[in-house]
Chemist: 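Take a look at the following structure, please.
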Amino acid sequence: MNSTQKFDVPHSAFLGGSKRLLIGGKWQQASSGKEFGTVNPATGEVIARLAQGDATDVDRAVAAARHAFEGEWSRWTPYERQRLLMRVHDLIEKNFEELALIETLDMGAPLTRTKALKNWASQVILFYASQTGAGGTSTPHHSLPGQFSAFKLKAPVGVVGGIIPWNAPLISQWWILGPTLATGCTAVLKPAEDASLTALRVAELLQEAGMPDGVVNVVTGFGREAGSALAAHPDVDRIAFTGSTETGRKIVEASAGNMKRVQLELGGKSPDIVFADANLDIAVPGAAMAVYGNSGQICTAGTRLLVQRSIQEEFLARLEDFSSKLRVGNGLDPEVNLGPLISRKQLDRVLQYVDIGSKEGATLASGGKRLGGELGSGYFIEPTIFASVNNEMRIAREEIFGPVVSVIPFDDAEDALRIANDTDYGLAGGIWTQSVSTAHRMAQGIKAGTIWVNCYGALDPSVGFGGFKMSGYGWKGGSEHVESFLYQKAVYMNIA
Ligand code: ADP
């Protein structure tokens, strides 16, 4: 079902006009003077113009970040950084309606979804605010003679290059800003060219909260210009990247010049496994939204839906019924469940995979078509189910990044594990069962960084998530994440 309901477009003074780069606390044009339009994917209309930053701007932003890193900011105590994070937290909460609106207009997700991120954003910021003391010293017991003392010091790694994806910028940016501000690092953010606006608005709020100039800089622009310059920059100490595996590989290569620390959260082809004993009342909507949420544009999406053969027919019928009731349309409409895809390019890519799946012999059980008509020229697509999928097919092996689910039958737990792990990726996995022993066995057996049992997508910033294999490396959230923004130093003293 698609939505044609009329709705009001709320107002934000931030939208419209030309946006600038934030470098050293000053909003400025790209040095080339170039700009490009950013489009609302629900309408195809340009909603703002962005400065097209390039390598020169990245150079200036990195210099500003280095200057700030060595300056006043380096003398801020953990408590001062904590207070800054608390002030930012309060400003983000206060302005969340506007941030949610900007995010919806910029990348398409329903306003009901972006507004619901308020609590999550708050938790993430509060978690990092609680971590500002992580850079302290520790004096472990040691085995050196008595006149020696040995202890560890921690120090912020320095300038962080944060390359942000378009699928969830409002949250993604906090996986970089949180640990940067908590540890006393500084950052240059490069938001995605398709959805940069919330990063710019949040940067204004950081300034309002009293962040010193240059601590966070924002360079909008294209990946091949600004992004690659940041990844290769000799004065950047650490890269945080979320995006495609293909781009992740380029970033690793570019970062080798000065041996940057790199943290990557890349693609996925996550198995979501429904056993015959699962409670289908929660498994059907849970597994469906594990793929359709954010219109399938989530790296952890459970796109390989493994369903035990004995319940295949019933499950499919219920999945089709659930899918047919989802409303696709402009995210401003409060009735809408799925917004558009981010761009024409992404729409073409997803439609191409629908074609590939059909040609490979999978059964197109429902969906698969672009939605136009009264929805106008936005990039809408129906939720799509492929049944009788074989794990060798391209639709089961390659990340599609759209609301397309591949239903793959399995016989027993061993068969499910074999299929689940037969993938280049290892980001996440889901299990739906009422058996505790099946849940444990599968949670241990699936080679992926995050496992969900009888739920999908739940995240706790103090626990975090990460990936195996080609889904990247480095943990986001939890104390490990904060540690990865710190150098550790051992100090040995002979004080006799
Ligand atoms: P997509 O192809 O779906 O846009 P990407 O992984 O390419 O996904 O994009 C994620 C982020 O990486 C964006 O901010 C993009 O600008 C940036 N990016 C793209 N190419 C490069 C590159 N070669 N080096 C650094 N960053 C890049």
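Computed from heavy atoms alone, side chains included, the values below leave out hydrogens, waters and symmetry copies. We're numbering straight along the sequence, starting at 1. Both ligands and their constituent atoms are indexed starting at 1 by order of listing.
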Chemist: Classify the angle between the aromatic ring planes of Trp452 and Tyr456 as parallel (below 30°), tilted (30 to 60°) or perpendicular (above 60°).
Modeler: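 Ring orientation, 0 to 90° scale: tilted.
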
Chemist: Using ring-ring contact (aromatic ring centres under 6.0 Å, His included) as the criterion, list what pairs up with Trp73, not counting sequence neighbours.
Modeler: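 Applying ring-ring contact (aromatic ring centres under 6.0 Å, His included) to Trp73 gives Trp76.
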
Chemist: Is there a side-chain contact between Arg370 and Ile381, using heavy atoms and a 4.5 Å cut-off?
Modeler: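 Side-chain contact under 4.5 Å: no.
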
Chemist: Note every protein N or O atom lying under 3.5 Å from an N or O atom of ligand 1, pairing the names and giving the distance.
Modeler:
from, atom 1, to, atom 2, distance (Å)
ligand 1, 3 (O), Trp166, NE1, 3.2
ligand 1, 4 (O), Trp166, NE1, 3.2
ligand 1, 6 (O), Ser244, N, 2.7
ligand 1, 6 (O), Ser244, OG, 2.9
ligand 1, 6 (O), Thr247, OG1, 3.4
ligand 1, 7 (O), Thr247, OG1, 2.8
ligand 1, 14 (O), Ile164, O, 2.8
ligand 1, 14 (O), Lys190, NZ, 3.2
ligand 1, 16 (O), Lys190, NZ, 2.7
ligand 1, 16 (O), Glu193, OE1, 2.5
ligand 1, 16 (O), Gly223, N, 3.3
ligand 1, 24 (N), Ser228, N, 3.4

Chemist: Using the salt bridge (charged side-chain N to carboxylate O under 4.0 Å, His left out) rule, collect all pairs that involve residues 470-481, keeping only residues at least two apart or in two chains.
Modeler: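 Qualifying pairs: Glu265-Lys476.
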
Chemist: Ring pair (Phe, Tyr, Trp, His ring centres under 6.0 Å): which pairs involve residues 192-240, sequence neighbours left out?
Modeler: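 Non-adjacent pairs meeting ring pair (Phe, Tyr, Trp, His ring centres under 6.0 Å): Phe36-Phe222.
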
Chemist: With a sphere of 6.0 Å drawn around CD of Glu97, does it hold more than 12 non-hydrogen atoms of other residues, nucleotides or ligands?
Modeler: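 At most 12 heavy atoms, drawn from other residues, nucleotides or ligands, come within 6.0 Å of this atom.
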
